[in-house]
Structure formats: structure tokens, C-alpha cells
Amino acid sequence: MAMAAARLLMRTATANRNPVFRLMSARTQATSATPAPASGSAADMVFTFAAPNEVFYNQAKNVRQVDIPTMSGNMGILAHHVPILGVLKPGVVSVFEQDGNTKRFFVSSGSIAVHPDSSVQLLAEEATLVENLDPKLAQDALSEAQRRLGSAKDDKQKAEAQIELECAEAAIKATSGVFQ
């Protein structure tokens, strides 16, 4: 018991001398002292989703949930989600709106940021509604990517062809109704 108390005092003393620990402690205290919002309603999420060619949602408050494909697996985001930064992989983003509608978008890649205030920003390199994808063009893109991968002369060409291959495979899945 005395040893545990001594360790606690040493950690506290160390934290008081080191400015980084002081900042972390202040943030931890501020975070733990602030109660979570009582409402917990989906309306608390503010959602922005854009690609270079189009803005799909701009600070929308009618979004209940967003399902995204990330490099570490698929993820669902609701209001009051823990803050994260993530990288999108090729696949389908499903946006569930408050009125029960679901919109599905194909993304080639991008990033996601979820902030402590429940605002969510999804930025895609390329995005389109899934119903706008052409299955024949996706299959053609897959064949071309496979050809390019087989004839790649260096690592750069292989990497580019591999990215195209992954996008084409994800687009084919999306056109066939496989969203996860």
C-alpha cells in the first residue's frame, strides 16, 4: 500500500514538472468534468461529405448514421462517436438519414474526421451515387487494371495498377449490391 502511494506521488510530481503532462492532465480534467450531452439524439451529428466534383452534404443535421469503409475495416459512426481520423479505402459509404432514407455512395479513397462536437467530415478523392456506377465499365476497368499489373515494369507502375485493381473490384461489388 505504501509503495502504491509512493508511485502515485512520484507520477504526480513528474506530471507537475513536465509541461506535456500538465497539458494532458488539464485536458483530462476538463474532459472528465464536462458531462456528456444529455440528449444523445442523432440530430446532434453535423455531417459534411464532399469530393472535388460535388458536395453531397454540407453541415447536414438530418443524418443519423454513416457507415464507412476504412483501411482498418468498416465502421459505423453515430452522434457522439469518439473522435477519430481515418483513411477511406475503395468501397461504399452508406448515409442513413433521419427520415429513414439511405443513400449509398461509391468512394475511391479519402479521409474521415470525427470531432468531439459530433461534427463529421468525409472527404473523398472520387465519389458518386452507387446507382450511377456502370457494371460494364467497372468490369472493363478491372480487366485493364489486371493487364497493367501483369505488365508493370517497376514498383510505381505495380502500385498504381494495384490501386486501380482495388477500386475496380470494390466498384464491381458495389454494383452487385455488396456494400460491406
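Counting from 1, the numbers follow the sequence of the chain as shown. All of these numbers come straight from a predicted model, not from anything done at the bench.
Taking CG of L133 as the reference point, atom OG1 of T175 lies at 6.5 Å (rounded to 0.5 Å). Taking CD of E166 as the start and OG of S108 as the end, the distance is 11.5 Å to the nearest 0.5 Å. Interatomic distance, F47 CZ to L122 CG, rounded to the nearest 0.5 Å: 5.0 Å. To the nearest 0.5 Å, atoms CG (L142) and CD (E169) are separated by 5.5 Å. In this structure, CD in Q65 is found 9.5 Å from NE2 in H81, a value given to the nearest 0.5 Å. Between L88 atom CG and I68 atom CD1 the span is 5.5 Å, to the nearest 0.5 Å.
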**Report entry** Working for side chain to side chain contact (heavy atoms under 4.5 Å, CB included), residues D99 and N62
**Finding:** CA-CA 8 Å; D99 60 8; N62 67 327; 5.7 Å; no
**Report entry** Chi angles and distances behind the side chain to side chain contact (heavy atoms under 4.5 Å, CB included) call for T128, F105
**Finding:** CA-CA 5 Å; T128 187; F105 301 87; over 6 Å; no
Query raised in the report: Step by step, would you call T102 with E97 a side chain to side chain contact (heavy atoms under 4.5 Å, CB included)?
Result: CA-CA 6 Å; T102 301; E97 297 178 347; over 6 Å; no
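Contact of the Q146 side chain with the L165 side chain is registered, since non-hydrogen atoms from C-beta on lie closer than 4.5 Å. Contact check for Y57 versus K103: side-chain heavy atoms found under the 4.5 Å cut-off. Between E144 and D140 there is no side-chain heavy-atom pair separated by less than 4.5 Å. Here the side chains of P69 and N74 are in contact, with some heavy-atom distance below 4.5 Å. Residues S109 and V107 fail the side-chain proximity criterion, which asks for heavy atoms closer than 4.5 Å. Taking the side chain as every heavy atom from C-beta outward, K158 and K153 never approach each other to under 4.5 Å. Residues V93 and V66 have side chains in contact (heavy-atom distance under 4.5 Å, counting atoms from C-beta outward). Residues E160 and R148 have side chains in contact (heavy-atom distance under 4.5 Å, counting atoms from C-beta outward).
Residues near L123 contribute nothing to a hydrophobic cluster around it, because no ILVMFWY side-chain heavy atom sits closer than 4.5 Å to its side chain.
Heavy-atom contacts from other residues, nucleotides or ligands closer than 6.0 Å to CD of E126 number 12 or fewer.
Across all their heavy atoms, A138 and A171 have their closest contact at CB-CB, 4.0 Å. Considering all non-hydrogen atoms of both residues, A124 and F49 come closest at CB-CE1, 4.1 Å.
In this structure, M75 is a member of the same hydrophobic cluster as M45, with clusters built from ILVMFWY side-chain heavy atoms closer than 4.5 Å. In the hydrophobic clustering of this structure, V63 groups with L129; members are Ile, Leu, Val, Met, Phe, Trp, Tyr whose side-chain heavy atoms approach within less than 4.5 Å, directly or through other members. Residues L85 and I112 do not share a hydrophobic cluster, defined by chaining ILVMFWY side chains whose heavy atoms lie under 4.5 Å apart.
A donor-acceptor pair under 3.5 Å is formed between the side chain of T48 and the backbone N or O of Q59. With hydrogens and angles disregarded, a donor-acceptor distance shorter than 3.5 Å links the side chain of S176 to the backbone of I172.
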